[in-house]
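Throughout, protein chains are lettered first and strands after them, A, B, ... in sequence-line order, and every chain is numbered starting at 1. The structure displayed is predicted, hence computed values, not measured ones.
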Amino acid sequence: MAGYDHQAIEQKWQQRWAEQRTFRMPNPGEPGFDAAKPKLYVLDMFPYPSGEGLHVGHLVGDIGTDIVSRYHRMRGVNVLHPMGFDAFGLPAEQYAVETGVHPRVTTERNVANYERQLRAIGLTYDWDRMLSTTDPDYYRWTQWIFLRLFESWFDTAADKARPIAELIAELESGTRQAEGRPWPSLDAAARRAFVDGQRLAYLAEVTVNWCPALGTVLANEEVTRDGRSERGDHPVYRRPLRQWMLRITAYADRLLDDLELVDWPESVKAMQVNWIGRSEGASIRFPAAGSSDAIEVFTTRPDTIFGATYMVLAPEHPAVDGLVAAEWPAGTRPAWTGGARTPAEAVGAYRRAAAHRSDLDRQTDAKEKTGVFTGAFCRNPANGADIPIFIADYVLMGYGTGAIMAVPGQDERDWDFAQQHELPIVRTVEPPPGFEGKAYLGDGPAIASDFLDGLGITDAKAVIIEWLVANGHGRGTVSYKLRDWLFSRQRYWGEPIPILHGPDGSLHTVSDADLPLLLPEIDDYRPSASADEHAEPVPALGRVGEEWRIVEIDGVRYRRELNTMPQWAGSCWYYLRFIDPHNDAVLVDREAERYWMGESGVDLYVGGVEHAVLHLLYARFWHKVLFDLGFVSTAEPFGRLFNQGLVMANAYRDGRGVYVPADKVEQRDGRFWWDGEAVEQSYGRMGKSKKNSVNPDDFFVEYGVDALRLYEMFMGPLDASKPWTTRDIVGIVRFLHRMWRNLIDPDTDEVLVSDAPAGEALRRHLHRTIKAVTEDMEALRFNTAIARYFELNNELVALERVPREVADAFVRMLAPIAPHVAEELWERLGHTESIAYAPWPEFDADLAASDTVVMVIQVDGKVRDRIEVSADIGEAAATAVAMGSPKVQAALGGAEPARTVVRVPTLVNIVTR
RNA sequence: GCCGGGGUGGCGGAAUGGCAGACGCGGCGGACUCAAAAUCCGUUGGGCGCAAGCCCGUGGGGGUUCGACUCCCCCUCCCGGCACCA
């Protein structure tokens, strides 16, 4: 072999790692497991195996975690580093619809291609632990967890989930009542309804996002803000449907509070806090005039109740129908009626209009506050005033109680509405002098508020809540933006929900012993897509034959649940199954779980920031349920989260706006050309749709895997988004060749090391490098670690032979990032064991700190001279050296030093002022 | 509008209170070569200067400090998230 042959080296070592199962990690108690070592669980967010395969942008995080894993193995740590595939979901199914190929076939093909690509990058996953969410052995346990959700309820007093059997026992023994009613007074159906309504997985008639084009409902999180599906960009309509829900709202406070336990980027924490949207306030009952009913509102500003001059209900509010007056009452203003002859007409017309306005329309017209008077009034409990009740779509049914007390004096939206509808405005917080705004949101003394007058906002809130409670008008409450998780999908390619429906409406679980409930074979996996927004959802499983859909037990015919789970389900707990992937008795072995999850769960979880809310919130929720039920040992699943940056690239569009292949575009005369046509350059995330992806497969042949790994890490900080520039690779390739030549004679293949000790300067440089690289490894700063390799390597160029102490340490330092060339050099240096478990080099602190330093001498903060001094120089000596400098004397120009700042040994600053 | 993150040479980036621009790309000059590539050596923030050297310089303005890319205040622009959430 002459010179550095990356292809031969990379193939050789990947083959050897596979043959020798170098990176297999046994569990506690298994042969080869060393309990004396500390543990580290390093996890990538597992990918959805798309047909397009991986591009270099996907690999940044995977390479980063591989480096961390390799580094810690060398430090004597048991590293759990698994990989799997999140393979249920829409694309495989859509592809199947288009081609007639079963989703399982495409999924298996894609998984195989991903595994091939990941192996080719030299990633050190323990492939024995590989799993796919579509494996029956895996989704068996996804279904099992669903059953645990179904069989649990949330005990608010204990602030945790408990088995539903314990609730039933308490009800039967009389220690607990069903919403105030004694258990014996309820008939069987009422008891069942009550219990089913307490479960963490429950069926409810809810307003859902129905996407007829996809033939399925979508979670709020899967709908874009302009009311279209995240996937496919189809229109989404709101309509009520009976669906499975998961009671994530019960965990809102714990999901919020426990963010303190985890080491996550502030931005992700902030997004979760924002998504949960906790706000403290009060719910207050306003009695409807001339009726015994009352309407409950939620407000964060109960202190402003004396300024509530009208009430607004969401158009869909259930109380509206009962409120609408027969005719317009005396005093109704024209601005309130919407031009209708009666309240019923006005309300009907407004509701119809509101239902057809998309969320986007509502947002664009945010300043335009529409609404109509219902003709009804309610009584403000604080001051006894009768105030008109409106419906308006600026009040959302989905938040709080779907009704507000409108306080235009202290709320901008209410101010706008009041202005546009000629409603009275009463300030109840004194704005500062000179305040010229409209609604005043700031603090100040309460005015026109009876017994609250003079109090600041905080005190006034406390006093009014106390008053509301004392007089039976309301109480302090907390409201959340977070909603329960809509868990039904009407698609085929997902986990079947293991529930049976009895003829009497009762719900029964498929027994644990009968799991997995296999996804039945089906000829036509098409969703029942429709252009009609009113079409009934038809789950794909509804087309399976009766022999599957109907189950007869003891002569009773049960219907199977036909919905499947959303794609998020499988990714909620995969990190647990990696710990014990082949266990067919339990979800995860208790001892193995305790060992690998340790104190704070996964030690390093790396993935894209796009999962900041959905996946991470859902997974935390499931984990907390499993924690409450005693199946896992930590409160949080992911102790440390790290978001890798995106890889960006230039993309080019032709005159029609169509993307053209970026790698075929040429630059001439400052413009860009493709196929003889001028094209527009843009810049953005690398992706197949923009035709600017770089396929790693192409790279292996030309530059090598080690070059790819080094380049991806050298581009910049791991968490920053960075532009991909293929030509920059040459710097990395030069480094690799130079390093090879430093150690191997290109003509004779002789190893160019000497057993002579390294010279003083080189040895110091080596130890400085070990120190810096070690610190960079700990802090995930691989870009600067690589810069240190370059510096050390460049110094070695001048040597005939590299001292062995330097070569050995250098190759080991290189191993985490460029493992193939490191293995090869390690072997040639005479080592017989894989470098993967060679000890990480230690540095000598005295050698790493240099014995002489360049001392900077400033005059009035400006650098005037640099003098090499001993590192242990004293302050007096440093000052003397500084004053002795002719350059310093020239800069002083005879001026007297007023004071001297000395920071030995690096700096002296002579101040003349 | 609110929340979070950013702005440093031609480019990617380094430096988190103490030499701004490590390292790499690109550029320029040179060696080797018939030539080119590869490789090697030198150089490369801007301005003035023959030079020694001097001045300017981390989005803009102000402040703290002997000393600020770094800390504080105001402004501005860019990126990400949320957005009529009462």
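Residues satisfying the ring-ring contact (aromatic ring centres under 6.0 Å, His included) criterion with A:His765, sequence neighbours excluded, are absent altogether. When the ring-ring contact (aromatic ring centres under 6.0 Å, His included) test is applied to A:Tyr399, no partner is found at least two apart in sequence or on another chain. Residues satisfying the ring-ring contact (aromatic ring centres under 6.0 Å, His included) criterion with A:Phe699, sequence neighbours excluded, are A:Tyr703, A:Trp724. Taking the ring-ring contact (aromatic ring centres under 6.0 Å, His included) definition, one finds that A:Phe390 meets it with A:Tyr310, A:Trp336, A:Phe373, A:Phe417, sequence neighbours left out. Taking A:Arg351 as the reference, A:Asp321 meet the side chain to side chain donor-acceptor pair (under 3.5 Å) condition, with sequence neighbours excluded. Applying the side chain to side chain donor-acceptor pair (under 3.5 Å) criterion to A:Asn793, with sequence neighbours excluded, gives A:Asn742. Under the side chain to side chain donor-acceptor pair (under 3.5 Å) criterion, A:Thr784 pairs with A:Asp776, sequence neighbours left out.
In this structure, B:C54 and B:G47 make a Watson-Crick or G-U wobble pair, each of the two defining distances being under 3.5 angstrom. The partner of B:U39, taking Watson-Crick or G-U wobble pairs whose two distances both stay under 3.5 Å, is B:A31. Nucleotide B:G80 forms a Watson-Crick or G-U wobble pair with B:C3, both donor-acceptor distances falling under 3.5 Å. Nucleotide B:U65: unpaired (no Watson-Crick or G-U wobble partner with both distances less than 3.5 Å).
For B:C48 and B:G57, the C1' atoms lie 15 Å apart once the distance is rounded to whole Å. The P atoms of B:U58 and B:G63 are separated by 16 Å, rounded to the nearest whole Å. On the C1' atoms, B:U76 is 29 Å away from B:C84, given to the nearest whole Å. To the nearest whole angstrom, the two P atoms, one in B:G61 and one in B:A38, are 44 Å apart. The separation of B:G26 from B:C11, taken at their P atoms, amounts to 15 Å, rounded to a whole angstrom. As rounded to the nearest Å, B:A52 and B:C73 have P atoms that lie 44 Å from one another. B:G12 sits 35 Å from B:C50 when the P atoms are compared, rounded to a whole Å. A gap of 36 Å separates the C1' atoms of B:G5 and B:C55, to the nearest Å.
At B:C66, one or more side-chain N or O atoms of A:Arg899 fall inside 4.0 Å of OP1 or OP2 (strictly under the cut-off).
Every pair tested for salt bridge (Lys or Arg N to Asp or Glu O under 4.0 Å) that includes a residue from residues 866-879 of chain A fails, sequence neighbours excluded, so the list is empty.
Within 90° of 0 lies the glycosidic angle of B:G9, which makes this nucleotide syn.
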Salt bridge (Lys or Arg N to Asp or Glu O under 4.0 Å) evaluation trace for A:Arg301 with A:Asp303: CA-CA 5 Å; A:Arg301 293 292 304 275; A:Asp303 59 300; 3.1 Å; yes
Criterion side-chain contact (heavy atoms from CB on, under 4.5 Å) on A:Ile387 and A:Phe286, from CA distance to verdict: CA-CA 10 Å; A:Ile387 57 175; A:Phe286 282 60; 4.0 Å; yes
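When distances are taken from the side chain of A:Trp275 to each of B:A86, B:C23, B:C82, the shortest belongs to B:C82. For A:Lys862, taking side-chain heavy atoms from C-beta onward, the closest of the listed nucleotides B:G18, B:C56, B:C84 is B:C56. Side-chain atoms of A:Arg903 lie closest to B:G18 of the nucleotides B:G24, B:G18, B:A86.
Between A:Arg727 atom CZ and B:G10 atom P the separation is 15 Å, expressed in whole Å. Per the geometry, NE2 belonging to A:His611 stands 17 Å off P belonging to B:G80, to the nearest Å. Rounded to a whole Å, the CG atom of A:Asn643 is 15 Å from the P atom of B:G80. Following rounding to the nearest Å, A:Gln858 (CD) and B:A20 (P) show an atom-to-atom distance of 8 Å. Separating the CG atom of A:Asp776 from the C1' atom of B:A22 is a distance of 12 Å, rounded to the nearest angstrom. Atom CE of A:Met271 and atom C1' of B:A83 are 15 Å apart (whole Å). Rounded to whole Å, the distance from CD1 on A:Ile867 to C1' on B:C19 is 13 Å. Counting to the nearest Å, the P atom of B:C23 and the CG atom of A:Leu814 are 19 Å from each other.
Of the two residues contacting RNA chain B, namely A:Gly402 and A:Val901, the nearest-nucleotide position lying further toward the 5' end is that of A:Val901. In terms of position on RNA chain B, the residue among A:Leu907 and A:Gly861 whose nearest nucleotide sits closer to the 5' end is A:Leu907.
Contact annotation: the side chain of A:Asn692 never approaches that of A:Asn650 to less than 4.5 Å [non-hydrogen atoms, C-beta and beyond]. For the pair A:Ile867 and A:Ser885, the minimum side-chain heavy-atom distance is below 4.5 Å. Contact check for A:Lys722 versus A:Asn783: no side-chain heavy atoms found under the 4.5 Å cut-off.
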What protein N or O atoms touch nucleotides 39-46 of chain B N or O atoms at under 3.5 angstrom, if any, and at what distances?
residue, atom, partner, partner atom, Å
B:U39, O3', A:Arg741, NH2, 3.2
B:C40, OP1, A:Arg738, NE, 2.9
B:C40, OP1, A:Arg741, NH2, 3.3

Quick one: which protein N/O atoms are closer than 3.5 Å to N/O atoms of nucleotides 12-17 of chain B? Pair and distance per line, please.
residue, atom, partner, partner atom, Å
B:G12, O2', A:Met715, O, 2.6
B:A14, OP1, A:Asn783, ND2, 2.9

What does the list of N/O pairs under 3.5 Å between the protein and nucleotides 1-6 of chain B look like, with a distance for each?
none

If you restrict it to nitrogen or oxygen atoms, what contacts under 3.5 Å exist between nucleotides 50-54 of chain B and the protein, and what is each distance?
residue, atom, partner, partner atom, Å
B:C54, OP1, A:Arg864, NH1, 3.3

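For A:Lys269, the NZ atom counts as densely surrounded, since its 6.0 Å shell holds more than 12 non-hydrogen atoms of other residues, nucleotides or ligands. Residue A:Glu412 qualifies as open at atom CD: its count of foreign heavy atoms under 6.0 Å is 12 or below.
Across all strands, A:Glu412 comes closer than 4.0 Å to no nucleic acid atom at all (heavy-atom distances). In this structure, A:Ser479 reaches neither bases nor backbone, as no heavy-atom distance under 4.0 Å exists between it and the strands shown.
If you check distances only, the side chain of A:Arg866 does reach the base of B:C19 with a donor-acceptor pair under 3.5 Å.
For the residue pair A:Thr428 / A:Gln410, a side-chain donor-acceptor distance below 3.5 Å is found, with atom types taken as modelled.
A ring-centre distance under 6.0 Å is found for A:Phe790 and A:Phe714.
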